[in-house]
Structures are given as structure tokens and as C-alpha cells.
J.: 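Can you read through this structure? Questions will come right after.
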Amino acid sequence: MPSGKLQVVPLGGLGEFGMNCMAIRWGDDIIVIDAGLMFPEAELLGVDIVVPDLSYLIENRAHVRAVILTHGHEDHIGALPWLLSEFNVPVYGTEFTLAYVEGKLEEHALLDDAELNEIKAGERFKVGPFTINPIQVTHSLVDCVALAIHTPLGTIIHTGDFKVDPTPTDNRLFDLHAFAEYGKEGVLALFQDSTNVERRGYTPSERAVRARFQEIFARAERRLFISCFSSSIHRIKLAIDQAAENGRKVALVGRSMIESTEIAQDLGYIDVPEGLLIHPAQMRDLPPDKVCVLISGTQGEPMSALSRAAVDSHKHARIQPGDTVVLSSRIIPGNEKAIYRVVDHLFRRDAHVIYEDGSTPPVHVSGHASQEELKLIINLVKPQYFIPIHGEYRQLKLHAELATAMHGSVGKVMMIESGDILEFDELGARKAGKINVGRVCIDSNSMGDVVEDLVIRDRRHLSEDGIVLPIIAINKVTGQVEASPEIVMRGFGAGLTDDGFVDGARRTVMSTLELSSDEEKGDYGMIKEKIRQDLKRFIVKNTSRRPLIMPVILDV
């Protein structure tokens, strides 16, 4: 066994949902598995997306050899533009994954300089000291792979996102044989997806949705709107096939839905019969029972096509009484309010709304492995070390407990979180310190600007306590106050205007000015700070609140 240290450093995705990104290092060579984003929680005010802090990779930019992608979901490829803008390294992914990546890089004007390399399941390739073998897996997206990474110390397997679907709709079977072969050869470490570890049994096959769709198409008397993730190619194919069987034309509504369907058609994942697709403007010319609309916006995004259609503000998609609307997706934690707000609007339009309700057959199935599938892969691989990845802390913990209970199949179970350095050498594995990790907030409305923590804090401060602007006119020549100060309040002051609060604030500002020398009043920086401090004391004493106070000095 060669002497040296193999380091695995998760930069995101362990202890949180999304931002999946992992660095693997041997000597002076680093490869990166996935570069994902996450969508912000409600408290990240005005932030559109969140990407991992890539400081570790930037500090070691000379050693980063490549980025290897397991599949094309946003939580695995969404941070790629930010990574490639720092250092342009080769990107490896399957055909479908790279089609998504191309669109994303084109948006950020990075496509012309990018080096994109297509990989195929079962075809090995080398990057520095690593030989990587992509293994075919099934998921809610097509063309997904796990990665068997041959290192000088042994093979490690990164499952990516997966479920074991015995009957995938594209007939590309999960390669259980490859996992079993690696189990016979010996695997140093297995890094396995934890997303669905809380679910017992097996995750149903994608084909389980077919029976429900057949029932919905048979019963729908008027127009049928189906909303699913635009990346759910299996689901889009199923809807198009059912529409063709039931004599309905299909309209695609929403940019992401149109782009995904076009990519899937170009790559042969969806076969659309001639004349089946219509432009959304043609919907009004057809009888309602001859129309099926595939529409994006399943998570209640404010300006998505479905959200606009639900409040009757979409140019083409008009939902009328008796129409059927199907939400064929899971509710992502944190999006409940937005989704149910859209559902409420749909009910107000007297639509028949079908969403994830626990019924059998289901209207949606997950793309992640449940407990029995997780056990199956562990049993086949029999790793020396088992490390749960992709999930919040409770899921990582439950996954570790599940693996620990499988005596004989796992050597040692280790739990790590984002930022931990997991080090392997000829003596074994251990945590060998921590690196700085975190999240970088992006406001895409500001040309992709990074939103600093200070800005988030200010936004939160403003949302909770408001802002107070004392406006003072000072004669620059004499240093005298020309008029009584104006007190402007926003997001603060309800109920305070009638009880002398504003007069008291005014008097406080005047008192500060009177007790200041002409020299202090001439130094605007100093006088602003004195006003801010005195007004802050007055407001806290009278209201126990701490608004943002920004004195404004006018020269007259």
C-alpha cells in the first residue's frame, strides 16, 4: 500500500439540504464531486440562491484538477458558474447533465471557455492519480451516475442521489451488479445519500405513478394542468404519452419546462408524436377536453407560470371552473406556505386540485432510496468505512445508526459534517481537523452579486425594527439649525405619532445640537454619530425597540 494521505473534505451538503459539494485530495491533486446550490430560508431576506463557500478550493486552486458531476439537479450543479469563474477546470458529466450545464454556463457567459467532457456509465476515465468509474443509478432525473473512485489507497464509492428502481421508465437499469463486484474486490469507503433514511421499506418505482395518471386523464372533463419539476423527465414523458393516448394536445408553459422538454427530445428521452405539441396561445381554440398543459412552478415560486395562472394573471394559462390541476411533486420543506397559497388560489378558481395526499396509487414518488434500498447497497458493497452524506444532521445520524446495526456488512461508521477533513492512510481513517466552510448568498437581481452577512443582518434589522431618519438643516456658514428637525419613520412608529413620541424625538435631536459646539456641528460625521447615539437612547427607553437610525444633514 502506498504511503500518503487521502483526504475527503465536504464543502456543503452534510448537515443541510442542498449545496452538495465534496473535495477529494491525494497529495497535490484535488477533484471535486458536484457543485450544488440551495434555495434560501425565509430569514435570508432578498437572497435568491445560496452557494457553498469555496475558499478551500480557491486557496488550493493550483491543485484542483476537475469537477465531476453525478447528475443535473440544481443542488448538484447550481454553483458551477461561481466555481468556474474562480478557476476554469475541466467538468465531467453524463450527456444529459452536461446539456443542463451548458444552459447554465451560457446564462453566465462562461460556456465558450468551459471544457466539458462527456462520460458514460461503465467507461472509466483518469484525472491525475484517480481513476473514476461512473455507475448507472436511477433517480428522479435521467442519466444519473454513482462514482467509484480508484485512489492509491483503495476504492471509494460516492452514490450521488439514487433510488433502486427495478422498472425505470427509460429502461436504463440500476447497475446492482457493479456495486456487487466492487463489494467482492473490496471498498475502502462508501459515501451514501441520506435524504430518505427516515422512510421505511422501499421507494416506489416511477412506474407507480402511471396508474394514477391514467385515472386522472380518464376522469378529467375539462382542461388538465400538470405541474412537476421541470427536471422530472420521466414524469413529463408519462404526461405526454397519456395525452397522446387520450386525444389531448399538449402545451408547454414556463421557460424551464420548455427548455427541459426540448433537451429531453433532442437526446431521445422523450418521443413526441408529430402535431401533439401546440403553442400556449392555441389552447383557446381547442375544446377544453382536448387540452393538456404542462406548467412549471410546482413549489409556489412567486413569479412562476403556475403561481400567475392561479391568480389569473398569465397570458395564456387561464384556469377555469372544472379544470383539473395536478401537482406531481413533493413539497420541499420550507415551501409549504407558498405551495398551499397557490393551492388556495386554485380552489378559489373552482378547479379540481390533486396534490401529494398519501393516496394509492400515488401522484408523485420520491427519487431517493428508502431504508431497505440503503441496506441493500451497504450489503452489496461491504465497505471498510461507511459515511452518510446529503441530508440534515438528524438524517446523517439516523443513517449512521442504520449502518451500525448492520453487523458484518460495515467495518466502521464515521459521521462528518461540512468542513470536516476525513483523512485515510495505511493506519486507518480519522477526522484530521476542519476547514472554513459556510454559505455565500447571491442576489440574482443584482447581476449575481454576493450578499454579505452584514447586508442580511441589516435587512433583518429593518424588517423587525424599521428605520428612523432624523433630517436636520444646518447653515454651513453660521452652524445654526435653520428649522425644527424632521423625523421620518418607516416600518416603525405605528401608534407612536399621537402620544408626543415624534415631538420627544425632535426635542432630543435639538438638545444634542444645542449641547454641541460650532466645531462639532461643522464636523458632519461627528454630529451624525452624536444624534444617532442620543436618539437611540431615547427610542430604546420609550419603546424598547432598536430601529436603524440614519441622521441626514442638509447644507443650507
Side-chain angles (χ1 to χ4, degrees), residues 37 39 48-49 72-75 77-78 96 99-104 106-107 140-142 209 213 216 220 223-243 248-267 269-270 272 276-284 286 288 291-320 323-332 335 338-343 345-346 349 351 353-356 363-364 444-445:
L37 57 73
F39 294 102
D48 296 300
I49 59 172
H73 274 144
E74 286 288 327
D75 58 338
I77 67 167
F96 191 89
Y100 269 12
V101 167
E102 282 176 13
K104 190 164 285 298
E106 195 165 20
E107 269 179 49
S140 53
L141 188 61
V142 297
V209 180
F213 267 45
I216 290 167
R223 281 189 299 185
L224 181 54
F225 291 80
I226 296 175
S227 184
C228 63
F229 292 120
S230 58
S231 59
S232 295
I233 304 303
H234 301 298
R235 207 71 47 84
I236 294 170
K237 179 182 187 306
L238 175 58
I240 288 173
D241 290 348
Q242 286 299 309
R248 289 179 182 260
K249 299 289 187 184
V250 176
L252 302 173
V253 176
R255 187 170 68 106
S256 61
M257 184 64 73
I258 293 166
E259 287 175 357
S260 280
T261 306
E262 285 176 354
I263 290 170
Q265 273 185 274
D266 291 344
L267 299 182
Y269 287 93
I270 295 176
V272 182
L276 186 74
L277 288 181
I278 59 169
H279 189 276
Q282 295 175 264
M283 286 192 280
R284 65 172 76 95
L286 294 168
V291 175
C292 172
V293 183
L294 291 179
I295 187 165
S296 59
T298 184
Q299 295 302 303
E301 302 93 328
M303 291 306 293
S304 66
L306 183 62
S307 291
R308 284 183 286 140
V311 294
D312 208 21
S313 68
H314 195 281
K315 187 177 179 183
H316 303 300
R318 302 268 176 181
I319 295 169
Q320 295 167 349
D323 287 349
T324 300
V325 183
V326 181
L327 271 63
S328 181
S329 66
R330 73 183 274 250
I331 296 174
I332 292 176
N335 292 351
I339 294 168
Y340 287 124
R341 188 163 55 239
V342 170
V343 171
H345 287 310
L346 294 170
R349 310 226 86 74
V353 189
I354 300 168
Y355 48 99
E356 196 174 8
V363 74
H364 169 72
S444 56
N445 292 328

J.: How many angstroms lie between atom CE of Met257 and atom CG of Leu252, to the nearest 0.5 angstrom?
T.: 7.5 Å
J.: Looking at NZ of Lys237 and OG of Ser232, how far apart are the two atoms once the value is rounded to the nearest 0.5 Å?
T.: 14.5 Å
J.: OG of Ser307 to CZ of Arg341: how many Å apart, nearest 0.5 Å?
T.: 8.0 Å
J.: Looking at Arg308 and Met303, would you say the former's side chain and the latter's main chain have a donor-acceptor pair under 3.5 Å?
T.: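 Confirmed, Arg308 side chain pairs with Met303 backbone.
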J.: Indicate the atoms forming the closest heavy-atom contact of Tyr100 with Ser230, along with that distance.
T.: OH-O, 3.7 Å
J.: What is the distance from atom NE2 of His364 to atom OG1 of Thr298, rounded to the nearest 0.5 Å?
T.: 8.5 Å
J.: Under the rule for side chain to side chain contact (heavy atoms under 4.5 Å, CB included), what residues qualify as partners of Ala99, not counting sequence neighbours?
T.: Ile263, Leu267
J.: What verdict does the side chain to side chain contact (heavy atoms under 4.5 Å, CB included) test give for Ser140 and Arg235, after you've listed the backbone C-alpha separation in whole Å, the side-chain angles of each residue and the deciding distance to 0.1 Å?
T.: CA-CA 9 Å; Ser140 53; Arg235 207 71 47 84; 5.8 Å; no
J.: Less than 4.5 Å apart, side chain to side chain, heavy atoms only: is that true for His316 and Gln282?
T.: no
J.: Quick one: does Gln242's side chain get under 4.5 Å of Leu238's, heavy atoms only?
T.: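 Yes. Closest side-chain heavy atoms under 4.5 Å.
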J.: With the side chain counted from C-beta on, respond yes when Val363 and Phe213 share a heavy-atom pair under 4.5 Å apart, and no when they do not.
T.: yes
J.: Apply side chain to side chain contact (heavy atoms under 4.5 Å, CB included) to Ala243 and list each qualifying residue two or more places apart in sequence or on a separate chain.
T.: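 Testing Ala243 for side chain to side chain contact (heavy atoms under 4.5 Å, CB included), a comparison that skips the adjacent residues, returns Phe217, Arg248, Val250, Cys292.
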J.: Can you sort out the partners of Ser231 under side-chain hydrogen bond (donor to acceptor under 3.5 Å, both in side chains), two or more places apart, ordered by chain and number?
T.: His73
J.: Quick one: closest heavy-atom pair of His314 and Val253, and the distance?
T.: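 Shortest heavy-atom contact: NE2-CG1, 3.4 Å.
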J.: Nearest heavy-atom pair of Ala317 and Ala309: which atoms, and what distance?
T.: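 Distance-wise, the nearest heavy atoms are O-CB, 3.5 Å.
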J.: Glu262: which residues meet the side chain to side chain contact (heavy atoms under 4.5 Å, CB included) condition with it, sequence neighbours left out?
T.: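 For Glu262, the residues satisfying side chain to side chain contact (heavy atoms under 4.5 Å, CB included) (neighbours in sequence not counted) are Ile258.
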J.: Evaluate Ile295 against Ser227 for side chain to side chain contact (heavy atoms under 4.5 Å, CB included), listing each step before the verdict.
T.: CA-CA 5 Å; Ile295 187 165; Ser227 184; 3.9 Å; yes
J.: By side chain to side chain contact (heavy atoms under 4.5 Å, CB included), which residues pair with Asp312, not counting sequence neighbours?
T.: Arg318, Arg349
J.: Which pairs count as salt bridge (Lys or Arg N to Asp or Glu O under 4.0 Å) when at least one residue sits in residues 295-306, sequence neighbours excluded?
T.: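 Counting only pairs at least two positions apart or across chains, no salt bridge (Lys or Arg N to Asp or Glu O under 4.0 Å) contact touches residues 295-306.
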J.: Between atom CD1 of Ile236 and atom CD1 of Ile270, what is the distance when rounded to the nearest 0.5 Å?
T.: 5.5 Å
J.: Using every non-hydrogen atom in the two residues, find where Ala338 and Gly300 come nearest and quote the distance to one decimal.
T.: CB-O, 3.7 Å
J.: Answer yes or no: is there a side-chain heavy-atom contact under 4.5 Å between Leu306 and Leu327?
T.: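 Touching, per the 4.5 Å side-chain cut-off.
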J.: For the residue pair Ala310 and His345, what are the closest heavy atoms and their distance?
T.: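 Shortest heavy-atom contact: O-CB, 3.4 Å.
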J.: Check whether any side-chain heavy atom of Phe96 lies under 4.5 Å from a side-chain heavy atom of Ile233, and answer yes or no.
T.: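 Yes - at least one pair of side-chain heavy atoms lies under 4.5 Å apart.
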J.: Please report the interatomic distance CD1(Ile331) to OH(Tyr340), rounded to the nearest 0.5 Å.
T.: 3.5 Å
